[in-house]
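Computed from a predicted structure; not experimentally measured. Numbered from 1 within each chain, the chains take letters A, B, ... in sequence-line order.
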Number of protein chains: 2
Amino acid sequence: MDDGTGSRTHPLRPDAPRRATPRTRPRGDQARARLLAAALQSFVDNGFHGTGTRDIAEAAGMSPAAVYVHYSSKEELLFALSLAGHQEALDLVAGADEPHRRPAQRLWSVVNAFCEWHAANHVNARLVQYELGSLTPEHAEMIAGVRRQISGTFRVILAEGAQAGVFRVHDLNLMVVALMSLSIDIARWYRSGGEWTPATIGRHHADIALSMVGADPETA
Amino acid sequence: MDDGTGSRTHPLRPDAPRRATPRTRPRGDQARARLLAAALQSFVDNGFHGTGTRDIAEAAGMSPAAVYVHYSSKEELLFALSLAGHQEALDLVAGADEPHRRPAQRLWSVVNAFCEWHAANHVNARLVQYELGSLTPEHAEMIAGVRRQISGTFRVILAEGAQAGVFRVHDLNLMVVALMSLSIDIARWYRSGGEWTPATIGRHHADIALSMVGADPETA
DNA sequence: CCTACCGATCGGTAGG
DNA sequence: CCTACCGATCGGTAGG
C-alpha cells in the first residue's frame, strides 16, 4: 500500500494510484500525537489554566498557530486527552472483570488492575481525575458517562458479593466510593522510581479491598 | 497581666481614649478575612492559575490594587489558606488521637475525625490537597512539614497496633497511604447536600479502616 | 503549517 | 484603600 512517509508531491503518473487514498498513518496524526503528549505533560505540571497554547506548541515543535490546525481550542485538547484516558481506564477495568468467577476474585482482579493503572499511568491519571473542572459542560457530561460505567463495574461486583453473603457491605454506594478512593488517590501521591512498583501497589491494595468487604482471602 | 489582645499601650491613663488604640479586631483583619474567603472559593472553583487577582478583589469588595495592601502576591494568599487548612487538619487529627487507648480505638477515632473534616470542610480540603503545585518551593516545603506530622500520626498508631499483634499490616508505609487515601479522596468526590452527612461518612470509613488492618471491631 | 497580529486580560506598581 | 497605569502574555485569527 504505502510506505508511510507520504511526502511525494509528484508520483509517477497523473492518475496517481498511491496519493488518491489516505495513508495508513497520515502525517497529521503524528503532529496530533505530539500535541497531545505536550499538552498532557503541561496540563499535569501546570494545570489547564497555567498552560499556554504557546507552551504546548513549543513542546510539540510547532508555531503557536499550528495548534489550531489540529484542535479548535485548548479545551478540545484537554477533552481529547481526558476522553482517551477515561476510555483506557474503562477498557482496563472491564477487561479485568471476569463475570463467571466468584465475587471476591472479581473484586480483587478489578481493584488490582485499576490501582496498577493509576500508578503506571499516573500522569494520564492525574489529568483524568483532577482536570474535569476545565471541560465544557457538554464534554464534562460525556466524560461523566464513562465514569459511571467504571463505578458501575465496582457496584455490580459488590452487590453480587453482598447478595451471595460473601461480602459485608453496610452501604453499597459508600463502599463503592471507598474502594474507588483507594485506587484513584494513587494518582495524587504516586511518584515513579519510589518505594513501590505499580504491580506491588495493585496487589497490596487488591488484598486490602477484600479486607474492606470482609471477604476471606483464603476461600476467595 | 494581659487580656491577650495586647493592643493597649497605656492602660491606666485617663487621656488614653479607646479610639487612640487599635480595636480588638482591627479593621485590616476583616479585610484580610474577606480576601481569604474570596480567594479560597475562587481557587477551588477555577484553580490558582484560573483565578485573577481582580476576581478576588471584586468578590471581597475592593479595588484590584487593594489586594496588595494585605498580601504581597497571589501566591501569598494561596499559602496563607493552605497553611491554615493544613494546621486545622493537623490539630484535629492530633486532638482526636488518644494515646492512652488501644490502637483500634485510636485508629477509629483519627480516621473518623480526618474523614469528617474532609467532608465538612471539603472546599478547604480541596485547596489543601490539590493546589500544592502552585506554591513556591519554600512554601511547599513548610506545608510538607505539616503533612508529615499528619501522616506520622497514622504511622505511629499502625506501628503500635502491628507490634501489639492486633493489626495485620504487611507494608506499614503502604497501609498509611491507603488509609489516608480513604480520607483525602473525600475532598474530591464529596458534594454537600447529598446522600450522606460528614458524620455518616466518618463513622463508615472509620469502620472500614479497622477492617483494612484486620482489627476485630468487637474487641476494639 | 508559518508570520504577524487582534483585543483582552494578566500580576503587580506608582502615586496619592 | 483608590485611580490609573506598566509591560507581558493570553487564546485565538487573518492571510498566506
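- Here the rule is side-chain contact (heavy atoms from CB on, under 4.5 Å) with A:L35, and of A:L81, A:L40, A:V67 only A:V67 fits it.
- At least one donor-acceptor pair closer than 3.5 Å links the side chain of A:R126 to the backbone N or O of A:A187.
- Remark: the backbone N or O of A:S181 is not paired with any side-chain donor or acceptor of B:S181 at under 3.5 angstrom.
- Residues from residues 69-84 of chain B lying near DNA chain C, meaning a heavy-atom separation below 4.0 Å, are B:S73, B:K74 in numerical order.
- A:A65 comes within 4.0 angstrom of a base, heavy atoms only.
- Defining each end axis of the helix from C:dC1-D:dG16 to C:dG16-D:dC1 as the rotation carrying four pairs' C1' atoms onto the next four, with five pairs an end, the two axes are found to diverge by 0° to 10 degrees.
- Ring geometry for B:F114 versus B:W117: interplanar angle under 30°, hence parallel rather than tilted (30 to 60°).
- When DNA chain C is scanned in the 5' to 3' direction for atoms under 4.0 Å from non-hydrogen atoms of chain A, the outermost contacting nucleotides are C:dC1 to C:dC5.
- Using a distance-only test at 3.5 Å, with no hydrogens or angles considered, a donor-acceptor pair links the side chain of A:H122 to the main chain of A:A119.
- Looking at heavy atoms from C-beta onward, B:S82 lies in side-chain contact with B:L132 at the 4.5 angstrom threshold.
- Under the salt bridge (charged side-chain N to carboxylate O under 4.0 Å, His left out) criterion, B:E138 pairs with no residue at all, not counting sequence neighbours.
- With sequence neighbours excluded, the residues that form a side-chain contact (heavy atoms from CB on, under 4.5 Å) with A:H139 are A:E75, A:E76, A:F79, A:L135, A:T136, A:M142.
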Using a 3.5 Å cut-off and no angle test, enumerate the donor-acceptor pairs between side-chain atoms of residues 43-59 of chain B and protein atoms at least two apart in sequence or in another chain.
unit_1, atom_1, unit_2, atom_2, d
B:D45, OD1, B:Q41, NE2, 3.3
B:D45, OD2, B:Q41, NE2, 3.3
B:T51, OG1, B:S42, O, 3.0
B:T51, OG1, B:S42, OG, 3.1
B:T51, OG1, B:G47, O, 2.8
B:D55, OD2, B:G52, N, 2.9

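- The CZ atom of A:R188 sits 4.0 Å away from the CD1 atom of B:I184 when rounded to the nearest 0.5 Å.
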